[in-house]
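Chain identifiers are assigned alphabetically (A, B, ...) following the order of the sequence lines, protein sequences preceding nucleic acid strands; residue numbering begins at 1 within each chain.
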There are 2 protein chains.
Amino acid sequence: MAKKASEKAYEILRDEILDWTLAPGTVLGEVEQALRLGVSRTPLREALGRLTADGLLTNDLGRGLVVTALSTKNVEELFELRQALEQQAARLAAKRRDPELFLALRDEFVEMASARMLDESGRQAYYDLVRRFDEAVDQSIRNQYLLGALRNLRIHLSRLRRLAQDNPFRLVESASEHLVIVSAIADGDAELAAHATHIHLYKSLRYALSLAQGDEGSQRDSMQIVG
Amino acid sequence: MAKKASEKAYEILRDEILDWTLAPGTVLGEVEQALRLGVSRTPLREALGRLTADGLLTNDLGRGLVVTALSTKNVEELFELRQALEQQAARLAAKRRDPELFLALRDEFVEMASARMLDESGRQAYYDLVRRFDEAVDQSIRNQYLLGALRNLRIHLSRLRRLAQDNPFRLVESASEHLVIVSAIADGDAELAAHATHIHLYKSLRYALSLAQGDEGSQRDSMQIVG
DNA sequence: TTAGCTTTCTATGTATACACAGGGCTTCAA
DNA sequence: TTGAAGCCCTGTGTATACATAGAAAGCTAA
């Protein structure tokens with residue numbers, strides 16, 4: 001048995017919001033969703049409460065709980081927070097890292113920086129590597145508050161995946177940017193790690209916004225690509 | 001009418017945790033607290049859920065919901081996050097501020113930097129000024145995500161007030177540090193504002209830790225001063 | 001006396017019933 | 001036909017009853 005109905009409801013709703021099954025602006029009624037997910041209102045309310053705390057729902061007084069939008073402006077704001085958090089994370093990771101761990105990751109990024117991302121399996125390998133790099137940073141910073149802020153940030157960032165489109169050129173570029181970061185952390189160079197992170201995020205944002213720009217014609221009131 | 005019982009329960013419990021009425025390590029049972037606060041378990045559970053999301057409670061599996069500790073290590077971690085968030089906030093505020101607003105605040109900090117903090121009313125006036133300065137920054141950054149992270153951070157910081165002890169010398173010093181920050185924001189100098197914030201937080205942390213140090217004898221398992 | 005099993009108790013998790021408020025729709029009258 | 005008033009309906013907020021799991025204590029047997 002999946003222990004808790006509230007947990008199940010939370011995960012389903014969160015995933016549906018993150019993959020745009022529940023589009024921004026969708027109103028979530030309690031009875032309606034409780035019925036749909038097969039749980040009673042009590043655990044569902046807990047799930048809705050957590051999603052609201054996460055910032056995925058907002059309490060538009062009068063309309064009920066609404067899935068939050070992700071406009072271009074939201075993305076820019078998100079990256080302003082991301083710059084602050086990830087630069088600090090890079091600094092702390094550089095100070096407190098296990099050198100072996102990051103040297104191993106560096107070697108993997110060296111491999112990746114070649115043109116291996118032209119096929120699906122290469123891209124999957126890259127995404128997996130980035131995920132393991134993020135986990136290594138998370139472990140290294142040894143700061144529960146920063147870690148919590150990063151986790152919450154990533155919830156919102158994962159809504160952007162819809163936009164990513166797996167452009168191989170961008171991924172190769174991204175790999176070489178990561179290589180600078182991971183090397184700096186391995187070397188214990190906190191300021192280099194922070195600045196390399198700055199660059200990487202700057203370029204990521206430029207890329208994301210260029211996609212959103214090209215997609216303006218098919219927008220409704222958000223960056224959603226299709227509909 | 002105080003509309004919602006859950007809101008009332010949340011505010012009472014939050015305030016009790018922040019002013020150390022509920023000490024770190026205290027276990028909060030649902031029935032027990034529902035009885036004490038005169039609400040039923042349903043709204044109380046919502047309050048406990050929010051407090052857990054805030055990081056004021058933790059789910060120590062097996063013991064139930066426990067008020068989180070605030071050790072010296074926690075304070076250092078908190079300030080590492082604070083550095084990241086407030087430096088970014090200072091940068092953005094400098095870019096987007098209403099100059100008039102911050103010039104007016106600067107004049108008030110000039111007044112304060114003299115030795116007016118020797119009596120209680122002077123200190124209250126200073127705390128009020130800092131609060132208005134924080135609000136001005138919050139308004140100026142125009143970033144909901146950063147603002148949310150700052151608000152959550154401040155919940156934890158306010159637990160440190162217990163330590164503050166209103167040292168007039170530190171307050172005068174703090175006022176002159178704020179003066180640099182507010183001037184930089186008024187001038188639109190983002191990097192100066194960030195660096196001045198860095199200095200201010202560095203000194204604040206040093207001061208807080210020196211107090212905690214001096215208090216080590218009366219510690220239990222946290223920085224609580226009395227008991 | 002001690003170890004292991006069973007029982008019970010207390011806690012959380014869940015379901016559901018009731019309360020109440022706000023909005024929309026219908027109806028009646030001018 | 002239109003405006004206003006009242007009623008109903010839908011949704012959230014709250015209370016409470018029931019289910020269940022984990023821990024602690026007691027009982028029995030060796």
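- At most 12 non-hydrogen atoms from other residues, nucleotides or ligands lie less than 6.0 angstrom from CD of A:Glu100.
- If you take CD of A:Gln33 and P of D:dT10, they are 17 Å apart, rounded to a whole angstrom.
- A:Glu32 has its CD atom 9 Å from the P atom of D:dT12, to the nearest Å.
- As a whole-Å value, the separation of A:Lys4 NZ from D:dT20 C1' is 14 Å.
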Next on the checklist: Show, in sequence, the C-alpha distance, side-chain angles and deciding distance for B:Glu16 and B:Arg36, and conclude whether the salt bridge (charged side-chain N to carboxylate O under 4.0 Å, His left out) test is met.
Outcome noted: CA-CA 13 Å; B:Glu16 287 182 345; B:Arg36 184 172 73 92; 2.7 Å; yes

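- For B:Val31, the listed nucleotide lying nearest its side chain is C:dT12; candidates were C:dT14, D:dG13, C:dT12.
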For A:Arg50 and A:Asp54, what are the C-alpha separation, side-chain angles and deciding distance, and is it a salt bridge (charged side-chain N to carboxylate O under 4.0 Å, His left out)? CA-CA 6 Å; A:Arg50 288 176 61 187; A:Asp54 288 343; 5.9 Å; no

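- Counting to the nearest Å, the P atom of D:dG13 and the NZ atom of B:Lys8 are 16 Å from each other.
- For A:Thr42, the listed nucleotide lying nearest its side chain is D:dA15; candidates were C:dC18, D:dA15, C:dT12.
- Atom-to-atom, CG of B:Leu48 to P of C:dG13 comes out at 10 Å; the value is rounded to the nearest Å.
- Regarding A:Glu7, its CD atom lies at a distance of 17 Å from the P atom of C:dT12, rounded to whole Å.
- Side-chain proximity of A:Ser40 to the nucleotides C:dA15, C:dA11, C:dG13 is greatest for C:dA15.
- The closest side-chain heavy-atom distance from B:Leu146 to A:Glu77 is not below 4.5 Å.
- As rounded to whole Å, 15 Å separates atom P of C:dG13 from atom CD of B:Glu46.
- If you find the closest nucleotide of DNA chain C to A:Pro43 and to B:Leu65, the one lying nearer the 5' end belongs to B:Leu65.
- B:Glu30 has its CD atom 8 Å from the C1' atom of C:dA11, to the nearest Å.
- Closest approach to the A:Arg41 side chain among D:dA17, C:dA11, C:dT16 is made by C:dT16 (side chain taken as heavy atoms from C-beta onward).
- Because its NZ or CZ atom is both nearer than 6.0 Å to the ring centre of A:Phe79 and within 45° of the ring axis, A:Arg82 counts as a cation-pi partner of that residue.
- Taking 4.0 angstrom as the limit, A:Arg45 places none of its side-chain polar atoms (N or O) nearer than this to OP1 or OP2 of D:dT12.
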